[in-house]
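For reference, positions follow the sequence shown, starting with 1.
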Amino acid sequence: MSAEIPASREVPKKENRFKIWRQTRPFWAGLFTMIGGVPIAYLPYGDLRLGNITMAMQTTAGSAALIIGVLLITLGLTMWFQPIVRVFAGVATIVLALVSIPVSNFGGLVVGFLFALIGGALSAAWAPAPPVEETEDAQHDGRPEASHEAGAEPETEVVPAAAVPEQREAEHQVTETTIDANGGRNSAG
């Protein structure tokens, strides 16, 4: 490459697809949720071996912990592949993470609980980016444009205020069931 040809800073299209896919959905929320589901589902069934000593961390609610862990992994995949239900998936993840505290060894020894809680919060808070409209005519660097006259102020755009609907006079229809009290109108049927 010679010094006259600048290096391209663009990533080729084929390598850019994962980045675009990741940015159009709550990727990190789904990843944290799935990572949180693994210790919640595994620890009630797993054994810890230290030399000749085997510590079993089984609980009486092992099947409930397995169900919670599998649901968290499913919710993480749902966040990835169905981002339209991200708020529901986030709230459900937070609820399952809280339920895992008493059911699954303090939520997978607190590690699974924290990962699932963060993943649910990220999912509930995530919003898609607004679409970017790029035109060739609108090349603007964010600074106000200078006018040709020396000392002239930059042009300002007038933004109209939101229209406020006018209040209408109260239509006062007197019937047998109308009672006026303290300037208000109460109707009984």
Side-chain angles (χ1 to χ4, degrees), residues 1-46 63-101 103-147 154-163:
M1 184 183 301
S2 69
E4 296 175 8
I5 302 173
S8 173
R9 294 181 188 241
E10 293 292 324
V11 178
K13 296 282 186 193
K14 290 182 181 178
E15 295 176 10
N16 203 14
R17 283 188 282 180
F18 176 71
K19 182 179 178 183
I20 292 170
W21 181 84
R22 183 176 49 90
Q23 291 175 347
T24 58
R25 61 201 71 245
F27 177 78
W28 294 107
L31 186 66
F32 278 128
T33 301
M34 287 187 284
I35 290 172
V38 171
I40 289 174
Y42 175 75
L43 287 179
Y45 294 103
S63 60
L66 181 64
I67 291 170
I68 290 172
V70 168
L71 282 174
L72 285 173
I73 293 170
T74 305
L75 284 170
L77 290 171
T78 302
M79 291 173 200
W80 279 1
F81 296 109
Q82 296 292 327
I84 195 78
V85 293
R86 67 190 179 277
V87 175
F88 168 75
V91 171
T93 299
I94 291 170
V95 169
L96 287 173
L98 291 172
V99 169
S100 75
I101 292 174
V103 171
S104 175
N105 294 336
F106 295 109
L109 297 178
V110 183
V111 173
F113 163 72
L114 289 177
F115 272 109
L117 194 66
I118 290 170
L122 286 174
S123 178
W126 185 84
V132 178
E133 297 179 16
E134 293 184 16
T135 60
E136 293 179 17
D137 298 337
Q139 298 289 333
H140 190 57
D141 60 356
R143 294 181 291 178
E145 296 179 13
S147 64
E155 294 182 21
T156 58
E157 184 177 327
V158 177
V159 178

**Student:** Minimum heavy-atom separation for Gly120 to Thr33, with atom names?
**Tutor:** N-OG1, 4.0 Å
**Student:** To the closest 0.5 Å, what do you measure between CG (Leu72) and CG (Leu77)?
**Tutor:** 11.0 Å
**Student:** Going by the angle between their ring planes, with limits at 30° and 60°, are Phe27 and Phe18 parallel, tilted or perpendicular?
**Tutor:** perpendicular
**Student:** Grab the two heavy atoms, one from Ile40 and one from Ser100, that are nearest each other, plus how far apart they are.
**Tutor:** CD1-OG, 3.6 Å
**Student:** For residues 82-99, run the donor-acceptor check on the side chains, cut-off 3.5 Å, and write out each pair with its distance to 0.1 Å, sequence neighbours left out.
**Tutor:**
residue: Arg86; atom: NE; partner: Trp126; partner atom: O; Å: 2.9
residue: Arg86; atom: NH1; partner: Pro83; partner atom: O; Å: 3.4
residue: Thr93; atom: OG1; partner: Ala89; partner atom: O; Å: 2.6

**Student:** Excluding sequence neighbours, so at least two apart, what forms side chain to side chain contact (heavy atoms under 4.5 Å, CB included) with Val70?
**Tutor:** Leu66, Thr74
**Student:** Go through the structure and list residues passing side chain to side chain contact (heavy atoms under 4.5 Å, CB included) with Tyr42, not counting sequence neighbours.
**Tutor:** none
**Student:** Which pair of non-hydrogen atoms, one from Val103 and one from Ala64, has the smallest distance, and what is that distance?
**Tutor:** CG1-CB, 3.5 Å
**Student:** Kindly give the heavy-atom pair with the smallest separation between Arg22 and Trp28, and that separation in Å.
**Tutor:** NH1-NE1, 4.0 Å
**Student:** Give me the atom names and distance for the closest heavy-atom approach of Ile73 to Met34.
**Tutor:** O-CG, 3.6 Å
**Student:** Can you list everything that forms a side chain to side chain contact (heavy atoms under 4.5 Å, CB included) with Thr24? Sequence neighbours excluded, please.
**Tutor:** Ile20
**Student:** Kindly write out the residues that satisfy ring pair (Phe, Tyr, Trp, His ring centres under 6.0 Å) with Phe113, not counting sequence neighbours, or none if the list is empty.
**Tutor:** none
**Student:** Among residues at least two apart in sequence or on other chains, which ones pass side chain to side chain contact (heavy atoms under 4.5 Å, CB included) with Ala29?
**Tutor:** Pro26, Met79, Leu122, Ser123
